[in-house]
Amino acid sequence: MKLLKQMLGGLGAVVLLVMLAVIGMGLADSRIDYQVSTDGVDIPGYSTLEIPFDQSNDFSTAHPFAASAIIDIDNDGIEELFLGGGPGQLDGLFRFADGSFQEIPSVAGPVKTMESASFGASVIDTDGDGLDDLIVSRTDGVWLHRNQGHSFSNEKLPLDIPVNTTPLSVGVADLNRDGHFDLFVAGYIRLDLVEGQNIFNKKGYGGSSRLFLNRGDNTFEDVTDKAGLTYVHNTFMGIFVDIDQDGFEDLVVAHDTGQVRTWKNRGDGTFVNRDNPNSSSYSYPMGIAVGDYNNDGLVDFAFSNVGSTPPNFLVRGDLRDDQVNNWKWLLFKNKGQFEFEDVADRARIADYEFSWGLSFEDLNLDGRDDLIVSENYIGLPPQKLPFLRAPGRLLIQNTQGQFAAVGKEAGVVNRRYSIAPIFADFNGDGYPDIVHVNLSGRSQAFISRGGDAGYLKVKLPNRASAIAATVEITLNDGSTLTRPFVSGEGLGSDPSHIMTFGLGQARVSNVSVKFIDGTRVERGGDFRNQLLTF
């Protein structure tokens with residue numbers, strides 16, 4: 001009996017040590033990993049609002065994702081919010097009015113089957129009528145919801161998706177220049193076929209992502225094999241953007257338990273996988289942020305990862321001893337000619353915690369991209385406790401190209417299960433507002449309190465033919481800022497397609513838009529605190 005008591009006492013001590021270790025890890029996740037100067041940098045301020053939509057995905061009956069998008073339903077210049085529902089729940093549409101988010105009656109919104117879950121959303125005008133339509137990836141396929149002005153149609157697209165694959169998200173472009181939207185469907189293995197969450201090497205395991213060309217009538221040809229994009233691997237998302245400025249849409253893809261893939265478009269309907277800083281290591285790249293963070297005119301990318309949250313032995317899975325892992329966040333600086341350098345550590349973002357979707361946006365309107373990151377995993381047991389969850393990261397870029405974590409000072413803290421951040425100027429003050437899209441609970445909006453910095457908003461035709469266009473503005477001091485026009489940044493999300501350029505105290509003398517087909521449109525003048533529509 002004495003020995004048994006000693007054993008039980010020893011076991012209790014072990015359990016206590018494990019619990020203390022878990023708590024210590026959770027608290028460490030909330031720590032700011034870098035000391036970054038914010039001297040001379042404006043930290044924006046926000047007010048927090050609950051969005052009246054209790055997302056129902058608890059990870060037991062559907063993959064842990066939720067669709068979200070910014071959409072101007074009635075083309076009045078005021079954008080609305082779309083949130084995807086989980087199993088047993090309709091999607092939600094919301095307008096911002098009188099200081100709060102108000103639900104638009106479900107009769108006006110897109111309709112999904114109740115047993116399905118909405119994982120990803122893209123907003124594009126698919127039929128040229130000037131109204132934003134919705135493409136939503138769900139458990140049961142990819143759906144097109146045409147905007148009819150007062151309501152949405154409901155059409156399941158006839159895509160030949162493998163039976164073992166769930167479509168998580170779509171990348172949109174007009175690859176063959178015929179005026180119709182084409183789709184890269186990112187595929188993940190069906191939930192009932194999942195064998196684990198850290199399988200790197202098992203041959204043939206995972207979902208199949210497919211490339212579909214629109215025949216012009218919203219029927220599609222599967223050109224995956226012809227394009228050289230055939231592979232089997234769980235994939236979160238893909239984005240079309242012109243990486244090397246050759247006039248063709250390249251494809252950036254985030255694999256689960258794998259690598260970032262950067263596919264160069266050869267211009268003949270085929271793609272080739274080009275090496276990048278993540279090609280020789282193994283990671284969990286999930287979300288993709290797209291921007292020109294260093295203002296050199298070349299498009300850059302940030303990628304989320306599991307970060308410092310899980311111990312190495314839990315996430316190495318079936319990796320061999322000779323296979324190198326990298327669990328840190330990634331920041332690909334574009335050096336031109338399809339070459340990249342990972343500068344995440346230099347930019348002071350590499351060592352943060354488990355993250356999902358992320359987006360670049362100039363939050364304080366100083367002309368430099370900032371970074372918004374979603375965090376916390378509903379499937380991680382310690383994070384069942386709110387105080388062990390990470391706060392989500394709002395990272396403001398300083399004049400040295402480093403990112404400072406200022407979420408607490410800015411009033412942007414989200415200790416919920418955020419899957420993606422999206423942004424739009426809901427209150428019309430020129431400053432971007434933020435929504436953290438949360439699983440299994442309510443999403444939170446962070447509404448800017450404004451400031452005295454200037455801005456220029458640029459709105460392109462929201463057509464597939466505009467995807468991968470580049471907008472360049474020239475300031476009155478001769479310096480320039482550029483932004484790529486993309487669809488689907490974040491993770492299963494589509495932020496506002498109205499591009500906001502932060503001006504500080506400057507003014508704009510010229511705006512140039514270079515479309516992917518080579519067409520260039522310019523507009524000269526004296527612009528500040530206004531919207532230009534092309």
Side-chain angles (χ1 to χ4, degrees), residues 38-51 68 70-72 76-81 94-102 291 293 295 358-374 391-399 403-414 418 421-437 443-459 471 473 475-476 481 483 489-490 495-508 511 526-533:
T38 56
D39 291 346
V41 176
D42 288 332
I43 297 176
Y46 298 85
S47 300
T48 306
L49 288 177
E50 294 268 331
I51 297 175
S68 59
I70 301 299
I71 179 171
D72 184 353
D76 64 352
I78 301 174
E79 295 177 306
E80 286 81 33
L81 171 67
F94 303 87
R95 63 168 55 93
F96 183 78
D98 300 323
S100 66
F101 284 88
Q102 301 171 8
Y293 91 97
N295 290 331
L358 68 174
S359 291
F360 282 122
E361 180 71 353
D362 185 357
L363 299 174
N364 56 3
L365 301 182
D366 64 356
R368 295 184 293 271
D369 273 340
D370 307 306
L371 193 61
I372 317 156
V373 187
S374 285
R393 293 298 181 185
L394 188 152
L395 298 145
I396 296 292
Q397 187 182 173
N398 66 14
T399 56
F403 290 83
V406 297
K408 184 177 180 180
E409 295 92 326
V412 180
V413 174
N414 184 75
S418 180
I422 54 176
F423 51 82
D425 182 12
F426 293 111
N427 64 357
D429 66 357
Y431 282 71
D433 306 310
I434 304 165
V435 174
H436 269 297
V437 180
S443 294
Q444 290 195 111
F446 301 89
I447 304 301
S448 168
R449 298 194 189 109
D452 62 359
Y455 64 89
L456 179 69
K457 296 181 180 181
V458 177
K459 184 178 181 180
V471 178
I473 69 169
L475 306 183
N476 52 6
L481 302 174
R483 294 284 186 277
E489 183 184 10
S496 172
H497 284 196
I498 297 175
M499 288 178 278
T500 299
F501 292 84
L503 305 181
Q505 301 307 312
R507 304 186 72 87
V508 176
V511 181
D526 181 27
F527 308 116
R528 181 178 168 87
N529 293 346
Q530 62 194 95
L531 169 69
L532 292 184
T533 300

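- The CD1 atom of Ile78 sits 11.5 Å away from atom CG of Asn427, with the distance rounded to the nearest 0.5 Å.
- Between Val511 and Phe527, some side-chain heavy-atom pair lies under the 4.5 Å cut-off.
- A heavy-atom distance below 4.5 Å is found between the side chains of Thr500 and Leu365.
- Judged by distance alone, the side chain of Gln397 and the main-chain N or O of Asp369 form a donor-acceptor pair under 3.5 Å.
- Atom CG of Leu49 sits about 6.0 Å away from atom CZ of Phe96, to the nearest 0.5 Å.
- Taking the six-membered ring where tryptophan is involved, the planes of Phe360 and Phe403 are tilted, since the angle between them lies from 30° to 60°.
- Using a 4.5 Å heavy-atom cutoff, the side chains of Arg483 and Ile473 are not in contact.
- Between the side chain of Tyr46 and the backbone N or O of Ala445 there is no donor-acceptor pair closer than 3.5 Å.
- Residue Ser496 is tested with Glu361, Lys459, Glu79 for a side-chain hydrogen bond (donor to acceptor under 3.5 Å, both in side chains); the sole match is Glu79.
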*Report the C-alpha separation of Asp39 and Thr399 in whole Å, then their side-chain angles, then the decisive distance to 0.1 Å, and conclude whether the side chain to side chain contact (heavy atoms under 4.5 Å, CB included) test is met.*
CA-CA 9 Å; Asp39 291 346; Thr399 56; over 6 Å; no
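- If you take CD on Gln444 and CD1 on Ile434, they are separated by 11.5 Å, rounding to the nearest 0.5 Å.
- A distance-only check finds a donor-acceptor pair linking the side chain of Arg528 to the backbone of Ala506 [under 3.5 Å].
- Atom CG of Leu363 sits about 9.0 Å away from atom CG of Leu371, to the nearest 0.5 Å.
- Across all non-hydrogen atoms, the minimal contact from Ser448 to Asp433 is N-OD1, 2.7 Å.
- Nearest heavy atom pair, residue Ile447 against residue Phe101, reads CD1-CE1, 4.1 Å.
- Minimum heavy-atom separation, Val435 to Ser443: CG1-CB, 4.4 Å.
- The nearest pair of heavy atoms linking Ile422 to Ser68 is CG2-OG, 3.7 Å.
- Scanning both residues, Tyr455 and Gly430, for their nearest heavy atoms gives CE2-CA, 3.5 Å.
- Residues passing the side chain to side chain contact (heavy atoms under 4.5 Å, CB included) test with Val406, sequence neighbours excluded: Thr38, Ile43, Leu394, Ile396, Ala404, Glu409.
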*asked:* Test side chain to side chain contact (heavy atoms under 4.5 Å, CB included) on Phe446 and His436; report intermediate values, then the result.
replied: CA-CA 8 Å; Phe446 301 89; His436 269 297; 3.6 Å; yes
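- Listed for the Asp72 side chain is a donor-acceptor partner under 3.5 Å among the backbone atoms of Gly77.
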*asked:* Using the rule given for side chain to side chain contact (heavy atoms under 4.5 Å, CB included), can you reason through Ile372 versus Phe423, listing the C-alpha separation, both sets of side-chain angles and the distance that settles it, and then say yes or no?
replied: CA-CA 9 Å; Ile372 317 156; Phe423 51 82; 4.2 Å; yes
*asked:* Between Leu81 and Ile70, is the side chain to side chain contact (heavy atoms under 4.5 Å, CB included) condition met? List the steps.
replied: CA-CA 5 Å; Leu81 171 67; Ile70 301 299; 4.1 Å; yes
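- In terms of heavy-atom proximity, Asp42 sits nearest to Asn364 at O-ND2, 2.8 Å.
- Lys457 contributes atom NZ, which lies 6.5 Å from atom CD1 of Ile498 (distance to the nearest 0.5 angstrom).
- Between Arg368 and Asp362 the shortest side-chain heavy-atom distance does not fall below 4.5 Å.
- Atom NE2 of residue His497 and atom CD of residue Glu489 lie 9.5 Å apart, to the nearest 0.5 angstrom.
- In this structure, Asn414 contributes its side chain and Ser374 its backbone to no donor-acceptor pair below 3.5 Å.
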